[in-house]
Amino acid sequence: MDIATRHGGGIEVALIWNRDEKSLVVFAYDATTSEEVVIPVSADEAAEVYQHPFAYTHRSRRALHLGSARIELGALELI
């Protein structure tokens with residue numbers, strides 16, 4: 001479930017709740033560099049990571065299939 005999404009300066013960021021796994025992730029995609037990150041977050045840190053996702057790239061996982069959600073270059077599609 002997409003909780004929040006923002007776009008600006010070629011960057012798209014989404015905060016996503018995975019109902020099946022009961023987990024939160026921040027997804028960010030930079031269209032200028034084609035860099036994408038998927039960062040698992042706790043509820044306590046979700047807002048901070050959502051605001052500054054590329055500061056947390058060291059925690060990123062590359063998997064784009066997150067339970068029942070599939071992320072495709074910045075778009076969330078429930079399957």
Side-chain angles (χ1 to χ4, degrees):
M1 169 187 290
D2 188 352
I3 295 173
T5 303
R6 64 184 177 85
H7 313 270
I11 297 174
E12 185 168 351
V13 181
L15 175 60
I16 300 166
W17 170 249
N18 182 316
R19 289 181 229 182
D20 294 337
E21 296 179 14
K22 296 182 177 33
S23 62
L24 286 166
V25 295
V26 172
F27 172 81
Y29 176 72
D30 185 336
T32 59
T33 64
S34 297
E35 182 179 7
E36 60 185 37
V37 294
V38 179
I39 306 161
V41 295
S42 68
D44 292 338
E45 66 185 348
E48 169 66 19
V49 178
Y50 177 76
Q51 290 300 316
H52 308 284
F54 291 102
Y56 295 86
T57 56
H58 64 282
R59 292 177 36 191
S60 178
R61 63 183 192 208
R62 303 300 288 170
L64 295 182
H65 290 274
L66 304 171
S68 63
R70 181 176 66 221
I71 301 169
E72 296 179 346
L73 301 181
L76 177 67
E77 175 183 331
L78 295 177
I79 54 173

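Along the sequence shown, residues are numbered consecutively beginning with 1.
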Practice problem: Find the distance between NE2 (H52) and CD1 (I39) and round it off to the nearest 0.5 Å. | Solution: 12.0 Å
Practice problem: Any chance you could measure L15, atom CG, to I3, atom CD1, to the nearest 0.5 Å? | Solution: 4.5 Å
Practice problem: Could you tell me whether the side chain of T5 and the main chain of A14 form a donor-acceptor pair under 3.5 Å? | Solution: no
Practice problem: Walk me through it: do R19 and W17 pass the test side chain to side chain contact (heavy atoms under 4.5 Å, CB included)? | Solution: CA-CA 6 Å; R19 289 181 229 182; W17 170 249; 3.6 Å; yes
Self-check item: Nearest non-hydrogen partners of Q51 and R6, listed with the distance
Solution: O-NH2, 3.1 Å
Exercise. Over all heavy atoms of both residues, which pair between A43 and L24 is shortest? Give the atoms and the distance, please.
Key: CA-CD1, 3.7 Å
Self-check item: side-chain contact (heavy atoms from CB on, under 4.5 Å) involving I11 - partner list, sequence neighbours excluded
Solution: V13, D30, F54
Self-check item: Any residue meeting side-chain contact (heavy atoms from CB on, under 4.5 Å) with A47, in chain and number order, not counting sequence neighbours
Solution: none
Exercise. Check whether any side-chain heavy atom of N18 lies under 4.5 Å from a side-chain heavy atom of V25, and answer yes or no.
Key: no
Self-check item: Close side-chain approach of Y29 to S34, heavy-atom, < 4.5 Å
Solution: yes
Exercise. Only counting residues at least two apart or in another chain, list the ones meeting salt bridge (Lys or Arg N to Asp or Glu O under 4.0 Å) with R59.
Key: E45
